[in-house]
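Below is one structure, written out as structure tokens, with a few remarks after it.
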Number of protein chains: 2
Amino acid sequence: MKAGKISELTTNRLSIYLRCLTLLADEDIKTVSSAALAKRFHLNSAQIRKDLAYFGEFGVRGVGYDVDALRDHLIKILGLGRTHRVGIIGAGRLGSALTNYYGGDRSTFEVAALFDVDPLKIGERIEGVEIFDAKHFPSIAKRDNIEVAVIAVPAEAAQDVFEQVTAAGIRAVMNFAPIPLKTIGDVKLKTVDLTTSLEGLAYHLSGAASLNGNNPEPGPTGRRN
Amino acid sequence: MKAGKISELTTNRLSIYLRCLTLLADEDIKTVSSAALAKRFHLNSAQIRKDLAYFGEFGVRGVGYDVDALRDHLIKILGLGRTHRVGIIGAGRLGSALTNYYGGDRSTFEVAALFDVDPLKIGERIEGVEIFDAKHFPSIAKRDNIEVAVIAVPAEAAQDVFEQVTAAGIRAVMNFAPIPLKTIGDVKLKTVDLTTSLEGLAYHLSGAASLNGNNPEPGPTGRRN
DNA sequence: TGATGTGAAGCGGTTCACAGCC
DNA sequence: GGCTGTGAACCGCTTCACATCA
């Protein structure tokens, strides 16, 4: 157990471990060793142990980890014990898609409001979620207890939107705009670039990648942002 | 110019550079230095130079890079000069969302077909794209020249689907199922985990993260899979 | 015996700093 | 003078290997 800074790569993996443990729990498996977990889900056992050890000694030597207990620990560590409300800025194609997708799970994350600048969209609803004027983000966010902002606007507008939501007190932002954003201070920013991901595949398909041999996938346990 | 293996992190950044250059071209900017590009888009100038130098000497010392010429180089390097057809497996919430999202750009990536196992969905259309029986993936993929498979099925089914599409000759797979997949040989696999990304934000919002100070965002130039 | 927790080694990517060239 | 291209230093994450303990 160490109190040092935890890498984002580690917390990403904790989230994955949690999902793997849930699958095991569904099968009524009570105990699992890091080696068994690794084998089953294509992970690395040493890394599992090290990741977990940052937060406590959850295992029993010679036995392994208690599945249910470890799940509870991870839920607590990740802060998933309560519902987080999400506001999505940009009610276009992507914003609608994300509303639709995240709309499925109301327990840990709940899309509370959409925002756009298009007067034709304001007042409409997507999946039951109302679209508000983006300039009212601060008041709506406060009223609805929105903690997470999702940016789903065109690249040109993303930095502005980011600064507006952080100015409104948001400390966790997920950016889907395909452009690097500059963050500040205490605000956590994650960028998911759906275009870059596809273009990486195109590179592999083009002749260039073949010249460089295969590209084995390290899996979602590997390096990310 | 080196012929060695190119890291996926590098190709991801090339994709980002390409988008940044497009924005500059829209402003009729003809030449840009690595320092100017870095400043404008929150990148690292040394990294830009190093990334580009893997593929050639595109710059002019004392001047910088020609915007249009560099764009053309990147398009060629990434293999974006032609349309790639995409097949999405899983016509649920996520599959629909992705069809809707990727449906916008028909030039570089085109969603050619959807696949599902639900008899009620087979034969229907989403955004004009027909849903086929998943077991017909091999023949449809061949007929429609599908090169990229997008996995949008539940976690439990993802590994099976992956093996089926690779058996059908697909060499580029994008996985949205929140589970690590095991890949083999020459197949390029990218996993985008929309749940993990959100849960990382929850961690930051919970007390735990604050104990560890701020988490400055290195931007989408940083480490990924 | 068997599996955890962890210092130490190893590895890959980023950043520095400067030689080389326009 | 200014900026690229690049070896070298640096840094952080992963992997190894083993002491430790049920």
Side-chain angles (χ1 to χ4, degrees), chain A residues 1-14 16-17 30-40 42-67 69-70 73 180 212-213 215-225, chain B residues 1-14 16-17 30-40 42-67 69-70 73 180 212-213 215-225:
Chain A
M1 173 78 159
K2 318 171 181 185
K5 292 206 172 89
I6 303 300
S7 151
E8 178 163 341
L9 299 166
T10 296
T11 57
N12 282 345
R13 284 191 297 264
L14 292 185
I16 290 167
Y17 301 157
K30 298 300 181 196
T31 300
V32 70
S33 69
S34 62
L37 195 60
K39 179 148 195 208
R40 167 82 186 264
H42 323 117
L43 303 166
N44 178 298
S45 62
Q47 190 155 61
I48 294 172
R49 294 198 300 278
K50 185 149 273 201
D51 286 338
L52 296 176
Y54 284 124
F55 298 93
E57 306 206 353
F58 302 134
V60 179
R61 289 164 203 244
V63 179
Y65 300 90
D66 181 283
V67 173
L70 187 53
H73 279 299
N212 304 308
N215 298 49
E217 158 83 349
T221 54
R223 300 181 167 201
R224 285 195 188 194
N225 248 333
Chain B
M1 171 78 159
K2 319 171 181 185
K5 293 207 171 88
I6 303 301
S7 150
E8 177 162 343
L9 299 166
T10 296
T11 56
N12 282 346
R13 284 190 298 264
L14 293 185
I16 290 168
Y17 301 157
K30 299 298 182 197
T31 299
V32 70
S33 71
S34 61
L37 193 61
K39 180 151 195 203
R40 168 82 185 265
H42 323 117
L43 304 166
N44 178 298
S45 61
Q47 191 155 61
I48 294 172
R49 295 198 298 279
K50 185 149 274 204
D51 285 338
L52 297 176
Y54 284 124
F55 297 93
E57 305 207 355
F58 303 133
V60 179
R61 288 162 204 246
V63 179
Y65 300 88
D66 182 282
V67 173
L70 188 52
H73 278 300
N212 304 310
N215 299 50
E217 158 84 349
T221 53
R223 302 181 167 201
R224 285 194 189 197
N225 249 333

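It should be emphasised that the depicted structure is a prediction, and the values quoted were computed from it without experimental measurement. Chain A is the first sequence line, chain B the second, and so forth, proteins listed ahead of strands; every chain is numbered from 1.
The phosphate of D:dT14 (OP1 or OP2) has no side-chain N or O of A:N44 nearer than 4.0 angstrom. When the side-chain nitrogen and oxygen atoms of A:Y65 are compared with OP1 and OP2 of D:dA22, none of them lie within a distance under 4.0 Å. At C:dA3, none of the side-chain N or O atoms of A:S34 fall inside 4.0 Å of OP1 or OP2 (strictly under the cut-off). Considering only side-chain N and O atoms, A:S33 lies nowhere under 4.0 angstrom from the phosphate OP1 or OP2 of C:dA3. OP1 or OP2 of C:dT14 has at least one side-chain nitrogen or oxygen of B:R13 nearer than 4.0 Å.
Counting only heavy atoms from C-beta on, B:L9 has its side chain closest to C:dG13 among C:dG13, C:dT6, D:dT14. Looking at the side chain of A:K50, the nearest of the listed nucleotides C:dT4, D:dT15, D:dA22 is D:dT15. Closest to the side chain of B:R61, out of C:dT15, D:dT15, C:dG20, is C:dG20. Out of C:dT15, D:dT6, D:dA17, the shortest distance to the side chain of B:A53 is found at D:dT6.
Closest heavy-atom contact between B:S34 and B:S45: O-CB, 3.6 Å. Shortest non-hydrogen contact noted between B:F58 and B:L52 is CE1-O, 3.7 Å. A:L43 and B:P180 get closest at one heavy-atom pair: CD2-CG, 3.8 Å.
In this structure, the CG atom of B:D51 is 12 Å from the C1' atom of C:dT15, given to the nearest Å. Atom CD1 of A:I6 and atom P of D:dC13 are 10 Å apart (whole Å). In this entry the distance linking NZ of A:K39 with C1' of C:dA3 reads 16 Å, nearest Å. Here the P atom of nucleotide C:dG12 and the CD atom of B:Q47 are 17 Å apart, to the nearest Å. Protein atom CG of A:D66 is 15 Å distant from nucleotide atom C1' of C:dT4, rounded to whole Å. Taking atom CG of residue A:L70 and atom P of nucleotide C:dA3, one finds them 16 Å apart after rounding to whole Å. Rounded to whole angstrom, the span from the CD atom of A:E57 across to the P atom of D:dC21 amounts to 10 Å. Here D:dT6 presents its P atom at 16 Å from CD1 of B:I48, a figure rounded to the nearest Å.
Between B:L37 atom CG and B:I16 atom CD1 the span is 11.0 Å, to the nearest 0.5 Å.
When each of A:A46 and A:V63 is assigned the nucleotide of DNA chain C bearing its nearest heavy atom, the one mapping closer to the 5' terminus is A:V63.
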Tell me, with the steps shown, if B:D51 and B:T11 meet side-chain contact (heavy atoms from CB on, under 4.5 Å).
CA-CA 8 Å; B:D51 285 338; B:T11 56; over 6 Å; no

